[in-house]
Amino acid sequence: MNYWFINTDESALKDVNTCDLWFKHGLAFSGGDWDKYALPLRNLELRDILFMYHNHLGIVGVGRVLKVWDENPYREKLLYTDFDFSEYRIRVDWYIDIRDNPINPRSEFGYNSSRFLQRIDEQRETAANLVLRLESAREFVSSGELSFTPELQEGNVRTVVVDVHERNTIARKQCIENWGTSCCICNFSFSDVYGPIGDGYIHVHHLDPICTTEGTRPVDPVNDLRPVCPNCHAIIHKKTPPYTIEEVVEFFCNGRNPEG
């Protein structure tokens with residue numbers, strides 16, 4: 001897996017941020033000279049990570065390549081409608097949207113990327129850590145860790161104040177490195193079922209719920225954390241205190257083999 005900067009060509013449309021169309025269509029676009037703006041797409045491989053860079057804004061999104069480039073030139077265009085040349089596209093899951101809070105690549109990597117497509121070679125660790133930080137900011141917080149009573153009415157806007165306990169992103173990473181990204185209860189794997197869009201995705205469960213602790217506490221990523229799928233995570237938190245991993249494994253096995 002490689003990491004790349006890819007430029008949205010903010011000058012392609014007037015009065016419209018081209019990055020908005022990249023998110024809307026789930027694509028990365030280029031257009032113009034074949035050698036300069038088409039052939040580089042051949043370098044993108046399945047599951048590569050792309051940092052979407054928009055001039056004058058910064059890094060506005062992160063995506064994962066879902067399909068290798070089909071090498072088709074499109075004359076019926078979605079983005080380069082004002083230009084008399086073909087458009088090229090590649091399918092990307094833009095799963096992290098930071099258009100409201102763009103990141104200055106100079107502050108993270110020490111430089112901006114003005115090229116259409118540029119592989120990040122010397123700072124792969126910086127790129128990986130940035131993705132980890134952004135992914136962790138979106139991590140699932142189970143209903144069992146939030147303390148409020150839901151109302152039966154829907155649609156009205158209301159403010160709910162809850163305590164959200166901060167996760168240690170390094171601990172999450174080390175847990176996954178040790179236990180993998182398959183659910184430790186049912187063995188479900190997002191990448192096996194959904195392909196590249198599910199790569200690296202899994203919930204991380206605290207065996208001893210952090211919501212029961214006042215203040216901070218040490219965490220052992222191997223002994224205190226386990227990867228679990230959202231379904232098993234929801235079952236774990238169906239009661240307070242939560243069910244144990246062993247109890248949910250038994251539920252799962254008995255559910256699949258009711259006569260056993």
On the ring face of F5, is R115 found with NZ or CZ under 6.0 Å from the centre and within 45° of the axis? no
Could you check W94 against M52 for side chain to side chain contact (heavy atoms under 4.5 Å, CB included), going step by step and ending with a plain yes or no? CA-CA 9 Å; W94 297 112; M52 185 194 300; 3.4 Å; yes
Does T244 offer a backbone N or O that forms a donor-acceptor pair with the side chain of E247 under 3.5 Å? yes
Can you say whether the rings of F251 and Y243 are parallel (under 30°), tilted (30 to 60°) or perpendicular (over 60°)? perpendicular
For V222, is there any backbone N or O sitting under 3.5 Å from a side-chain donor or acceptor partner on W179? yes
Just checking F85 against Y80, ring centres under 6.0 Å apart? yes
Applying the ring-ring contact (aromatic ring centres under 6.0 Å, His included) criterion to Y88, which one of Y74, W34, Y37 satisfies it? W34
Any chance you could lay out the side chain to side chain contact (heavy atoms under 4.5 Å, CB included) test for L134 and I98, step after step, and finish with the verdict? CA-CA 9 Å; L134 294 173; I98 49 174; 4.3 Å; yes
Can you run down the salt bridge (charged side-chain N to carboxylate O under 4.0 Å, His left out) pairs that involve residues 7-25, sequence neighbours left out, and say none if there aren't any? D20-R99
Given V131, N2, L130, the one that forms side-chain contact (heavy atoms from CB on, under 4.5 Å) with I49: V131
Between V92 and L27, does the side chain to side chain contact (heavy atoms under 4.5 Å, CB included) criterion hold? Intermediate values first, please. CA-CA 5 Å; V92 180; L27 297 167; over 6 Å; no
Could you go step by step and tell me if R47 and V65 meet the side chain to side chain contact (heavy atoms under 4.5 Å, CB included) rule? CA-CA 5 Å; R47 295 180 168 85; V65 175; over 6 Å; no
Test: D84 and K77 ion pair at under 4.0 Å: no
Got a donor-acceptor contact below 3.5 angstrom from the D48 side chain to the E45 backbone? yes
Mark yes or no for whether R42, through its side chain, and A38, through its backbone, hold a donor-acceptor pair below 3.5 Å. no
Just checking Y201 against Y194, ring centres under 6.0 Å apart? no
Do R89 and E87 sit within salt-bridge range, that is, some charged N less than 4.0 Å from a carboxylate O? yes
How about F51 and Y53: are their ring centres within less than 6.0 Å of each other? no
Looking at S182, is its backbone amide N or carbonyl O close enough to the side chain of S189 to form a donor-acceptor pair, meaning the two atoms are under 3.5 Å apart? no
R106 to Y111 six-membered ring, cation-pi geometry met (6.0 Å, 45°): no
